[in-house]
Amino acid sequence: MAKIDLSNISHSYNPNDPNPVFALNPFSMTWENGNRYAILGPSGCGKTTMLNIVSGLVRPSAGRILFDDKDVTDLKTEDRNIAQVFQFPVIYNTMTVYENLAFPLKCRDFSKSKTDERVNSVAETLNLKSFLNSPARKLTADQKQLISLGRGLVREDVAAVLMDEPLTVIDPDLKFRLRRNLKEINEQYKTTLVYVTHDQNEAMTFADNIIVMSEGEVVQTGSPKELFERPNTTFVGYFIGSPAMNLFESEPSSNDSVKINNTLIKTNSNLSKLKTKNIKLGIRSEFIKIAKNQNENLVEVNVQKVEDLGNYKLITAKMGSLTIKSKVTRETEIPNQNVKLHIPAEKCCVYEDNKLI
Amino acid sequence: MNKLYIFLKYFFIVVWTVFVVAPFLWALTTSFKDFQSVNGGVTYIPWLDFEPNLEGWKVLIKSPAKGGVDIIEPYFNSLFVTCTASLISIILGTLSAYALSRYTFKAGFVKNNDITFFFISQRIMPPIVLSIPFFLFLSSINLLDSLTGLIVVYIVLLMPIAVWIMVDFFNKVPREIDETALIDGCNPYQAFLKVVLPNSIPGLIVAGMFCIIFGWIDFFFAFILTFTEVQLLPVKIVALNSSVTPWWSLSASALVSVAPLIIVAFIVERYLSKGNLSGAIK
């Protein structure tokens with residue numbers, strides 16, 4: 001268990017080229033001991049590169065990695081004491097489940113009794129106890145993935161368990177159980193867990209801290225709530241949440257309000273220092289409700305479509321050429337045609353050049 | 001439709017079996033015939049069609065002084081040369097194949113694939129092209145007409161096969177297995193020996209089988225590079241031929257020489273059908 005510091009890390013797969021392409025742009029970050037982190041981003045944004053840098057499979061082009069303030073940048077993978085679980089379960093086919101779980105301890109010359117104790121305890125947690133003596137290749141995909149995970153957990157002192165989309169091959173209902181399992185393991189063993197995924201639901205339900213990445217850049221780090229309510233960039237607003245955040249081209253009209261389609265919207269942001277004209281107003285569809293007795297921040301829209309999505313209704317409406325989406329409770333009565341929607345000022349996010357003000 | 005399919009399936013299996021097995025049966029009966037039974041028209045069944053005798057087999061173990069050829073020593077020479085050369089080729093070939101599959105090599109425009117192709121290209125040339133260089137090479141280090149010399153040459157011939165098969169095999173063993181082993185605390189050598197190699201047993205067996213077959217059946221180099229001191233089985237069998245073709249002893253020697261390969265084939269078949277690799281990942 002360790003605190004992991006990534007300081008000024010960047011990576012390019014062709015560093016000697018005159019115009020190197022960066023898979024990871026320079027960034028710094030600290031992963032506190034015992035927390036659950038999720039790295040979230042679309043495919044090819046550098047998530048896996050980041051994990052491989054931490055585990056030592058990839059050496060960063062620049063920057064330092066510190067485990068508990070000790071520089072490990074030049075340390076080989078086998079000396080870093082990291083556990084990594086890949087997208088597809090990797091097991092040692094020729095060994096039994098027990099031998100698989102004991103392998104990391106065997107490599108580190110643990111005594112027989114200590115190995116026995118650790119393997120049994122981990123097998124207990126992962127419900128693998130009854131399979132210990134069967135050949136690992138005979139197990140189902142999700143059990144194999146548990147073995148991969150178990151090999152990370154048998155070492156009590158492991159610095160962190162890194163998981164690279166570990167639940168991709170797992171059935172949906174098992175996914176849910178495994179995710180809960182992971183949380184329990186984190187609470188029981190106090191291991192730092194880092195979880196790479198492109199699925200926002202997975203990230204939101206699993207982690208207490210989410211790192212959102214896009215095109216090799218860390219765009220935002222924060223709790224699920226922060227990411228949801230105050231996305232740092234329009235990308236985060238768009239990428240997180242379903243449906244995506246409503247984003248409207250707008251023009252500033254005073255220090256705290258903007259105009260969209262000639263409708264004045266008051267916000268809580270300070271707009272006095274705007275430099276460009278590229279201004280967008282972002283608001284989550286969850287916060288837009290049908291107006292009752294409010295008298296400002298109202299927009300008049302034309303309802304196009306109402307979808308009943310089980311526990312809520314999704315209204316798609318037009319305001320001139322702009323599309324606006326609003327999530328309301330099932331019980332809400334929705335008029336057929338024109339309706340006034342209320343946009344709460346405190347939930348408005350204003351973006352200048354796609355960055356939050 | 002289904003019945004027709006089953007009928008055709010069994011029909012072709014039977015045809016193929018007859019095609020494969022018939023020559024062996026033919027050789028087997030011929031090996032027990034004498035001059036008259038071979039030349040007196042087609043006969044099939046011993047005791048009914050012809051009177052079996054063991055002359056053809058006896059020739060193989062009789063000493064030359066008594067009119068035999070004595071294939072026992074060449075037989076063990078062949079076994080020794082083939083097994084030693086195959087073993088060394090597999091060890092060297094597997095190590096090079098692993099390196100070619102996992103690490104990147106670059107020397108100017110020469111990259112991993114070119115190096116792999118270089119190995120295979122050794123087998124593209126007709127053997128006759130290699131005969132003179134090999135002859136001169138062995139004579140310069142005084143290894144002509146010796147078992148060691150033959151082993152050296154066979155390693156050169158067999159290693160490309162091992163490299164070729166194992167590169168392909170290692171490419172199919174997911175890299176994540178090595179990486180996981182490193183993460184679990186192995187050094188790269190342990191990762192190779194404890195994790196990758198046990199997973200590659202089917203590949204090793206296939207490569208071993210090809211090396212043994214190509215080593216065992218080689219006549220050309222055994223003929224050119226040996227004279228009197230050392231003889232290998234294929235050369236000795238050819239020496240059986242004389243003005244009157246001794247079909248009985250040729251058949252017997254053919255059966256004896258193919259026997260080890262049949263044993264190898266049975267062992268290999270058992271291992272291959274186990275399919276050890278399926279499920280390594282996924």
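Throughout, a chain's letter reflects where its sequence line sits, starting with A, and its residues are numbered from 1.
Within a 6.0 Å sphere centred on CH2 of B:W216, heavy atoms belonging to other residues, nucleotides or ligands number more than 12. Atom CZ of B:F76 is surrounded by 12 or fewer heavy atoms from other residues, nucleotides or ligands within 6.0 Å. Around CD of B:E73, the count of heavy atoms belonging to other residues, nucleotides or ligands within 6.0 Å does not exceed 12. Around OH of A:Y13, the count of heavy atoms belonging to other residues, nucleotides or ligands within 6.0 Å exceeds 12. Heavy-atom neighbours of B:F210 CZ from other residues, nucleotides or ligands within 6.0 Å: at or below the threshold of 12. Counting non-hydrogen atoms of other residues, nucleotides and ligands closer than 6.0 Å to CZ of B:F137 gives a total of 12 or fewer. Remark: A:F176 CZ is loosely packed, at most 12 non-hydrogen atoms of other residues, nucleotides or ligands lying under 6.0 Å away.
Closest of all the heavy-atom pairs between B:E176 and A:V90 is CB-CG2, 3.5 Å. In this structure, B:K194 and A:M95 approach most closely via the heavy-atom pair O-CE, 4.0 Å. Closest approach of A:E78 and B:P188 over heavy atoms only: OE2-CD, 3.4 Å.
A distance of 10.0 Å separates OH of A:Y92 from CG of B:N199, quoted to the nearest 0.5 Å. For the atom pair A:C107 SG and B:I183 CD1, the distance stands at 12.0 Å (nearest 0.5 Å). Annotation: the span from B:R175 atom CZ to A:F86 atom CZ amounts to 11.5 Å, rounded to 0.5 Å. Remark: B:D178 CG to A:T77 OG1 distance equals 11.5 Å, nearest 0.5 Å. Summarising the geometry, atom CG belonging to B:L182 is positioned 13.0 Å from atom CD1 belonging to A:I82; distances are rounded to the nearest 0.5 Å.
For B:A191, no part sits under 4.5 Å from any heavy atom of chain A, backbone or side chain. In this structure, chain B has heavy atoms under 4.5 Å from both the backbone and the side chain of A:R151. When heavy atoms are compared at a cutoff of 4.5 Å, B:E179 approaches chain A by way of both its backbone and its side chain.
Ranked by heavy-atom pairs under 4.5 Å with chain B, the first of A:K106, A:K138, A:K76, A:Q84 is A:Q84.
Using a 4.0 Å cut-off between charged side-chain N and carboxylate O, B:D184 and A:R155 make a salt bridge.
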